[in-house]
Number of protein chains: 2
Amino acid sequence: MDKQRTKKTEEASAQKRPTLKTLAFMTGLGVTTVSRALKDAPEIGAETRRRVQLVAKQIGYRPNRAGVRLRTGKTNVISLVLNTEQEIMSFVSDIIYGVTEVIADTPYHLIVTPYSRSQDPLDPVRYLVETGSADGVIISRTQPNDPRARYMLERGIPFATHGRTDMGLVHPYHDFDNYAFAAEAVRHLAGMGRRRLALVTPPAGLSYYRHTVDGFADALSEVGASEVPFNTISIDHSIEQIRMRTAQLMRRDIRPDGIISSAAAATLAIVAGIEDAGFKLGRDVDVVSKQSSDLLHLFRHELLVVNEDFRLAGSELARSVLGWIGGTAPGSLQSLSEPKGVVAYRRSGD
Amino acid sequence: MDKQRTKKTEEASAQKRPTLKTLAFMTGLGVTTVSRALKDAPEIGAETRRRVQLVAKQIGYRPNRAGVRLRTGKTNVISLVLNTEQEIMSFVSDIIYGVTEVIADTPYHLIVTPYSRSQDPLDPVRYLVETGSADGVIISRTQPNDPRARYMLERGIPFATHGRTDMGLVHPYHDFDNYAFAAEAVRHLAGMGRRRLALVTPPAGLSYYRHTVDGFADALSEVGASEVPFNTISIDHSIEQIRMRTAQLMRRDIRPDGIISSAAAATLAIVAGIEDAGFKLGRDVDVVSKQSSDLLHLFRHELLVVNEDFRLAGSELARSVLGWIGGTAPGSLQSLSEPKGVVAYRRSGD
DNA sequence: TTGGCAATCTGTAACGTTTCAGTATATTGC
DNA sequence: GCAATATACTGAAACGTTACAGATTGCCAA
């Protein structure tokens, strides 16, 4: 093809990337010494260390990842495992940015490992572990009894989950307090005089389904309101399904006067359903929704929102995984993000 | 830590990953032969080849990435370079899924390389090339005269751009025909009797800014409509800025009766601005907007949309990069996606 | 003087792969 | 019957790194 490499003598203006050998030649030292000097090993003289590091910086030395990986097994890779069909859209972009933010000044790269609805969620994790493709893994859509977490714990590979598990096993996680979200939402609606509340839940198998449902139920009985069940509809369902089901529900005799939604996209469908049935948001029914980017108030200014920060989640998850890799006890790498309260927007004209 | 590796005899139930050496031992062949047999080299006997491949499959052999990478320089990595602040949200998730879809049954991994507003966009690309961290690169936010494309072309590293360049250099790209989008939008609005049209453009420096503006201008004169300039506002501006500017524009004597928006998020702001000024969408003004996920019609059913498929873009870009890596001529790896026309939604009750 | 020891530095091997330069055996041509 | 050649295989070297097991030097105590 186009290999016009100028193959002059070794030390002449070779365009190749510098290696330890290059540094060794330039400093007149052995490669071992150079290797150690660069990582501040104790048996290297102070001056030598400085000299090597100076030269390394000057010529822009960067360790060859393949060399390190082959020799040590360290990949310097964090893998984010994602479901390519069911993740919340903004989740993907925000969590990626959160992760990259944290690993930016580390040698780590982020690889995205996908899996589809039809696959066993354990597949990508098994692949990563078996091929030793990552030093750490981040998974989402965590389940109370999560085979992936159990598997990685068994294999001893550092990981963090977005969402908690409930298996009596300790591992790093970051979670949003969905119990608090649902409870606050109920209280807020009750405070507005709403009495018959409905909940559009997270997907039934996931951990935060329980948290959300529990927060909803507990607060319901606390404020003495009643539930209008949405049945099996969750935010994983299609826009059309949620919309139709909402309209159906609104046309009943006993219809909800308050709805709580666990995701912004579902909320769009809910509002559409409400209006399909001929009711008006803010008058006939109020809706509290989680959102991860600040768009719902543009959609309908009557919407009440609770913000969940996925970028923060990404950062926390990355920090946790790096921490575990670095030797920190996994039990101390858990964090829970509290909702900042229900936010109502005011229209310019109001 | 927990290294309870059972270090029995070589051939006994060693838990380590199989390597070529393992295969060589099991088949009684040399590692060279095994290596060649696995890649269908011509100088290997047919039966030997089959035997080796069978055993390899049986014990689940997978080549060690570090070994291959160190020896050959091949990373089996595609890098997607993203701006962590200015990409369209759904773009990130969709394009990633599109890419992963294509590389799923290849040995390739996808790494996400971020850069921020404050950095030179060339930085991450330079890093990737200098450290040899990827076999191929995908970039977005392409400019007519794009230093990144020029740089990678000089260095001979395969890449593909989302959006075309205009430097007289040939390289793979995938682009949405934004000229056609803007032109069709204008024609559609003109067909509805709209005469004073405004355009919320893409960011001024990017390639598709020109395409969009040109399509808009050409169609304007074609249908004999006039432009109400939005000035420097682009979809990169904040929701609030776009909203205020729209309201401002709508309050003028000569206000637009049709607006074209290059992104869904901007459209939300535009509609808010329209309503801030006391006008009604669909009556006083019509809006045609690009969208990449099917949500705008839930927002306001009067909105007119043109769909852009970012997952397709991701797939096409991945295919292009892989093609180039595989030796296909870069000039034949270019694709342009045509808009499917302006879509109006019908409300159930209409 | 000698032995011991700390402080620095070094060569070799190994990680798993592919490539280069062979070697051994069978087959062909004449 | 012998060289030439094709077929099928092999060992050694190399990619860049780190770990192991020394080597060299100077200094100090005995």
Peer 1: Please report whether the ring centroid of B:H171 lies less than 6.0 Å from that of B:F159.
Peer 2: yes
Peer 1: Just how far, in rounded Å, is C1' of D:dT17 from CZ of A:R71?
Peer 2: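 Rounded to the whole Å, the gap is 7 Å.
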Peer 1: At less than 4.0 Å, is any side-chain N or O atom of B:T32 found next to OP1 or OP2 of C:dT19? Yes or no.
Peer 2: no
Peer 1: If I take atom NZ in residue B:K16 and atom C1' in nucleotide C:dG16, what distance separates them, rounded to the nearest angstrom?
Peer 2: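 My rounded result for the distance is 11 Å.
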Peer 1: Rounded to whole Å, how long is the line connecting atom CD of A:E43 with atom C1' of D:dC20?
Peer 2: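 It is 12 Å, rounded to the nearest whole Å.
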Peer 1: Within this structure, what is the CZ-to-C1' distance between B:R17 and C:dG16, rounded to whole angstrom?
Peer 2: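 My rounded result for the distance is 9 Å.
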Peer 1: Strictly by modelled atom types, are A:S93 and B:S93 linked by a side-chain donor-acceptor pair under 3.5 Å?
Peer 2: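 No, B:S93 and A:S93 have no side-chain donor paired with an acceptor closer than 3.5 Å.
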Peer 1: Go nucleotide by nucleotide along DNA chain D from the 5' end; which of B:V31 and B:R51 gets its closest nucleotide reached first?
Peer 2: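 Taking each residue's closest nucleotide, the earlier one in sequence belongs to B:R51.
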Peer 1: Is A:R69 touching bases, backbone alone, or none of the nucleic acid, heavy atoms closer than 4.0 Å?
Peer 2: nothing
Peer 1: If I take atom CG in residue B:L23 and atom P in nucleotide D:dC9, what distance separates them, rounded to the nearest angstrom?
Peer 2: 15 Å
Peer 1: Does B:S35 have a side-chain nitrogen or oxygen under 4.0 Å from the phosphate oxygens OP1 or OP2 of C:dT17?
Peer 2: no
Peer 1: With sugar-phosphate meaning primed atoms plus P, OP1 and OP2, does A:T33 contact a base, only sugar-phosphate, or nothing at under 4.0 Å between heavy atoms?
Peer 2: base
Peer 1: Which part of the nucleic acid does B:G28 contact within heavy-atom distance under 4.0 Å: base, sugar-phosphate only, or nothing?
Peer 2: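 Touches sugar-phosphate only.
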Peer 1: Choose from C:dC9, C:dG16, D:dT17 the nucleotide whose nearest atom is closest to any side-chain atom of B:N64.
Peer 2: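 Of all the options, the side chain of B:N64 is nearest to C:dG16.
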Peer 1: Answer yes if the side chains of A:Q53 and A:D40 hold a donor-acceptor pair under 3.5 Å, and no otherwise.
Peer 2: yes
Peer 1: With nearest nucleotide decided by heavy atoms, which residue, B:L29 or A:R36, maps closer to the 5′ end of DNA chain D?
Peer 2: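 Residue closer to the 5' terminus by nearest nucleotide: B:L29.
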Peer 1: On the side chain of A:R65, is there an atom forming a donor-acceptor pair with the base of D:dT17 - under 3.5 Å, no angle test?
Peer 2: no
Peer 1: For A:N76 and D:dT17, give me the distance from atom CG to atom C1', rounded to whole Å.
Peer 2: 12 Å
Peer 1: Quick one: is A:K21 getting a side-chain N or O under 4.0 Å of the D:dG16 phosphate, OP1 or OP2?
Peer 2: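 Looking at the OP1 and OP2 atoms of D:dG16, neither is under 4.0 Å from any side-chain N or O of A:K21.
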Peer 1: Would you say the side-chain atoms of A:N145 and A:R150 include a donor-acceptor pair closer than 3.5 Å?
Peer 2: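 Judged by distance alone, the side chains do pair up.
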Peer 1: Is the base of C:dT8 touched by the side chain of A:R49 through a donor-acceptor pair closer than 3.5 angstrom?
Peer 2: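 There is none.
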Peer 1: Under 4.0 angstrom, heavy atoms only, what part of the nucleic acid is B:G30 near: base, sugar-phosphate, or nothing?
Peer 2: sugar-phosphate
Peer 1: Take atom CD in A:E43; do more than 12 heavy atoms of anything else shown fall under 6.0 Å from it?
Peer 2: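 Yes, CD of A:E43 has more than 12 neighbouring heavy atoms, counting only those of other groups under 6.0 Å.
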Peer 1: Check the distance between D:dT7's P and B:E47's CD and give it to me in whole angstrom.
Peer 2: 17 Å
Peer 1: How many whole angstroms separate atom CD1 of B:I44 from atom P of C:dT19?
Peer 2: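 Taking atom P of C:dT19 as the reference, CD1 of B:I44 is at 13 Å.
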